Enquirer: 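Below are the structure tokens for one structure; questions will follow.
Owing to the predicted nature of the structure, the values given are computational and were not obtained by experimental measurement.
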Amino acid sequence: MNSVLPTPAPRHSALERLVAILNTGPESAAIRDALSSFADGKEEYPDEAVEAVGASAATMSEMFAMDDVDSVATKLNEILNATSSGPRLSNHGGARWHVHVDRQPFDWASWFLSASALSMAVALSDHGRVVWGRCAR
């Protein structure tokens, strides 16, 4: 009998992207650089995207100060309810296929919030606990 094994994708997760953006601070150039470092190489981020992500980062930053699993789950559900739709596969006109949950029509804030919240929800579900936080620095 043949075994079936998953092949891991050589990419960073939306949770890693969120952490990188939260660690940049509010400067637009730093946010754009963080977004670009996680892109498949074809995406360009207009000023509108950088502004929406920067403004939305504060909402996600609050999650890193929370450690109560039930409170975190409730907040993630609120964000997902407000910003997401059912999952769908997207390849952005030729990029590798990946899951999106942002609402249509597309807007940068719902893309960032829904992808970030989904990645945190998956991490919480996989580990059964909050696996992120703030360091003393």
Enquirer: Could you work out, with side chain to side chain donor-acceptor pair (under 3.5 Å) as the rule, every residue matching Arg88, not counting sequence neighbours?
Expert: Asp102
Enquirer: Are Asn91 and His98 packed together at the side-chain level, in the sense that at least one heavy-atom pair is separated by less than 4.5 angstrom?
Expert: no
Enquirer: In Å, rounded to the nearest 0.5 Å, how long is the span from CG of Leu15 to CE of Met120?
Expert: 6.5 Å
Enquirer: Same cluster for Trp108 and Ile31 if Ile/Leu/Val/Met/Phe/Trp/Tyr side chains link at under 4.5 Å?
Expert: yes
Enquirer: Distance alone, cut at 3.5 Å: any donor-acceptor contact between the side chains of Thr74 and Asn77?
Expert: no
Enquirer: Return the set of residues passing salt bridge (charged side-chain N to carboxylate O under 4.0 Å, His left out) with Asp47 (not counting sequence neighbours), or none when no residue passes.
Expert: Arg32
Enquirer: Which distance, rounded to the nearest 0.5 Å, do you find between the OG of Ser56 and the CH2 of Trp111?
Expert: 10.0 Å
Enquirer: Of all heavy-atom pairs between Ile21 and Ala57, which one has the smallest distance, and what is that distance?
Expert: CG2-CB, 4.3 Å
Enquirer: Is the side chain of Arg103 donor-acceptor paired with the backbone N or O of Thr83 at a distance under 3.5 Å, no angle test?
Expert: no
Enquirer: How long is the straight-line distance from CG of Asp70 back to NZ of Lys75, given to the nearest 0.5 Å?
Expert: 15.5 Å
Enquirer: Taking distance alone, no hydrogens or angles, what donor-acceptor pairs closer than 3.5 Å link side-chain atoms of residues 124-136 to residues at least two apart or in another chain?
Expert:
unit_1 : atom_1 : unit_2 : atom_2 : d
Trp132 : NE1    : Met63  : O      : 3.2
Arg134 : NH2    : Ser61  : O      : 2.7
Arg134 : NH2    : Ser61  : OG     : 2.7

Enquirer: How long is the span from the CZ atom in Phe38 to the CG atom in Leu18, to the nearest 0.5 Å?
Expert: 9.5 Å
Enquirer: According to a 4.5 Å side-chain heavy-atom criterion applied to Ile, Leu, Val, Met, Phe, Trp and Tyr, with indirect links allowed, do Phe106 and Val99 form part of one hydrophobic cluster?
Expert: no
Enquirer: So how far is it from Leu80 CG to Leu118 CG, rounded to the nearest 0.5 Å?
Expert: 6.5 Å
Enquirer: Testing the basics here: between Glu62 and Met66, what is the closest heavy-atom pair and its distance to 0.1 Å?
Expert: O-CG, 3.5 Å
Enquirer: Say whether Val69 and Phe64 are linked into one hydrophobic cluster, either directly or through other cluster members, by side-chain heavy-atom distances under 4.5 angstrom.
Expert: yes
Enquirer: Donor-acceptor pair, distance only, cut-off 3.5 Å: does the side chain of His100 make one with the backbone of Leu89?
Expert: no
Enquirer: Run Leu35 and Arg17 through side chain to side chain contact (heavy atoms under 4.5 Å, CB included) and show every step you take.
Expert: CA-CA 7 Å; Leu35 283 168; Arg17 179 182 58 218; 4.2 Å; yes
Enquirer: Decide yes or no for Thr59 and Ile79: does some side-chain heavy atom of the first lie under 4.5 Å from some side-chain heavy atom of the second?
Expert: yes
Enquirer: Keeping Glu51 on the side-chain end and Glu48 on the backbone end, is there a donor-acceptor pair under 3.5 Å?
Expert: no
Enquirer: Between the side chain of Ser119 and the main-chain N/O of Ser116, is any donor-acceptor distance below 3.5 Å?
Expert: yes
Enquirer: Roughly how far, to the nearest 0.5 Å, is the CG atom of Leu113 from the CD atom of Glu78?
Expert: 12.5 Å
